[in-house]
Amino acid sequence: MVLILVVVVALVLLRANQLIPNRGQAATESIYDHFGGLVKDNSGPQYFPFVLTLFIFIGLLNILGLFPYVFTVTAHVVVTLGLSFSIIMGVTMGGLWKFKWNFLSILMPAGAPLALAPLLVLIETVSYISRIISLGVRLAANLSAGHLLFAILAGFGFNMALVLNIFPVLIMVFISLLEAAVAVIQAYVFSLLTSIYLADTQVLH
């Protein structure tokens with residue numbers, strides 16, 4: 001995790017500023033522009049540095065975990081729940097800081113009958129707390145399932161190599177590309193949901 005943080009800082013400090021961008025700079029600018037619009041539409045531009053850094057951090061951790069003999073940090077629930085718990089706690093503290101106790105009105109849907117208030121507040125409270133579990137477990141479960149599938153097919157491909165030469169290689173190439181795509185997509189989903197949750201610190205629904 002420290003290694004990835006160093007890489008993220010290096011990407012910021014050593015960023016290219018060429019008038020005609022190379023491929024790396026063009027890709028970086030595309031990610032920057034996309035997340036700039038995404039955060040602006042969901043939670044506000046002030047959270048853009050945090051959400052973009054979160055995406056790069058998780059994405060690089062996911063991709064790094066695809067290399068042999070590398071510990072996959074984001075495939076463990078303790079790490080992902082720690083991230084999700086920190087984010088939800090930050091959202092709660094930010095909402096209380098801005099709206100004071102009015103922030104708790106998100107637990108009571110607008111226009112709902114007052115007689116149903118105890119039940120609705122209970123349901124909304126459970127739903128709000130479950131964000132921690134859903135945000136963290138989704139990331140760890142998808143990566144763990146992908147790694148398990150990768151291990152099973154790798155064993156299958158090794159056994160098939162005794163009969164066929166090219167078929168197991170094609171399987172591993174396809175699964176490797178699929179896992180790389182999953183690594184990026186899961187980082188994007190985590191960042192997107194974080195941006196949506198951060199909207200509660202700006203506007204009460």
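Keep in mind that what you see is a predicted model, and the values were worked out from it rather than measured. Atom set for the values below is all heavy atoms of this structure, side chains included, hydrogens, waters and symmetry mates excluded.
Rounding to the nearest 0.5 angstrom, the gap separating the CD1 atom in Ile152 from the CD1 atom in Ile175 is 10.5 Å.
Side chain of Thr80 to backbone of Gly136: a donor-acceptor contact under 3.5 angstrom is found.
Ion pairing of Asp200 with Lys98 is absent here, as no side-chain N (NZ or NE/NH1/NH2) approaches a carboxylate O to less than 4.0 Å.
In the hydrophobic clustering of this structure, Leu66 does not group with Phe190; members are Ile, Leu, Val, Met, Phe, Trp, Tyr whose side-chain heavy atoms approach within less than 4.5 Å, directly or through other members. Using a 4.5 Å cut-off between side-chain heavy atoms of Ile, Leu, Val, Met, Phe, Trp and Tyr, with links allowed through other members, Leu5 and Met1 fall into the same hydrophobic cluster.
The side chain to side chain contact (heavy atoms under 4.5 Å, CB included) with Thr194 is formed by just one residue from the set Val91, Val189, Leu135; it is Leu135.
Taking the side chain as every heavy atom from C-beta outward, Leu193 and Arg138 approach each other to under 4.5 Å. Between Asn42 and Tyr47 the shortest side-chain heavy-atom distance does not fall below 4.5 Å. Between Tyr128 and Thr92 the shortest side-chain heavy-atom distance falls below 4.5 Å. Side-chain contact check for Arg131 versus Tyr197: some heavy-atom pair is nearer than 4.5 Å. Here the side chains of Val73 and Ile4 are not in contact, with every heavy-atom distance at 4.5 Å or above. When side chains are defined from C-beta on, Glu179 does not count as touching Phe174, because their heavy atoms never get closer than 4.5 Å. In this structure, the side chains of Leu139 and Asn62 come closer than 4.5 Å at one or more pairs of heavy atoms. Between Pro45 and Val39, the closest side-chain pair of non-hydrogen atoms is not below 4.5 Å.
By the 6.0 Å contact criterion, CZ on Phe71 is enclosed, its count of non-hydrogen atoms from other residues, nucleotides or ligands being greater than 12.
The aromatic ring centres of Phe55 and Phe35 sit less than 6.0 Å apart.
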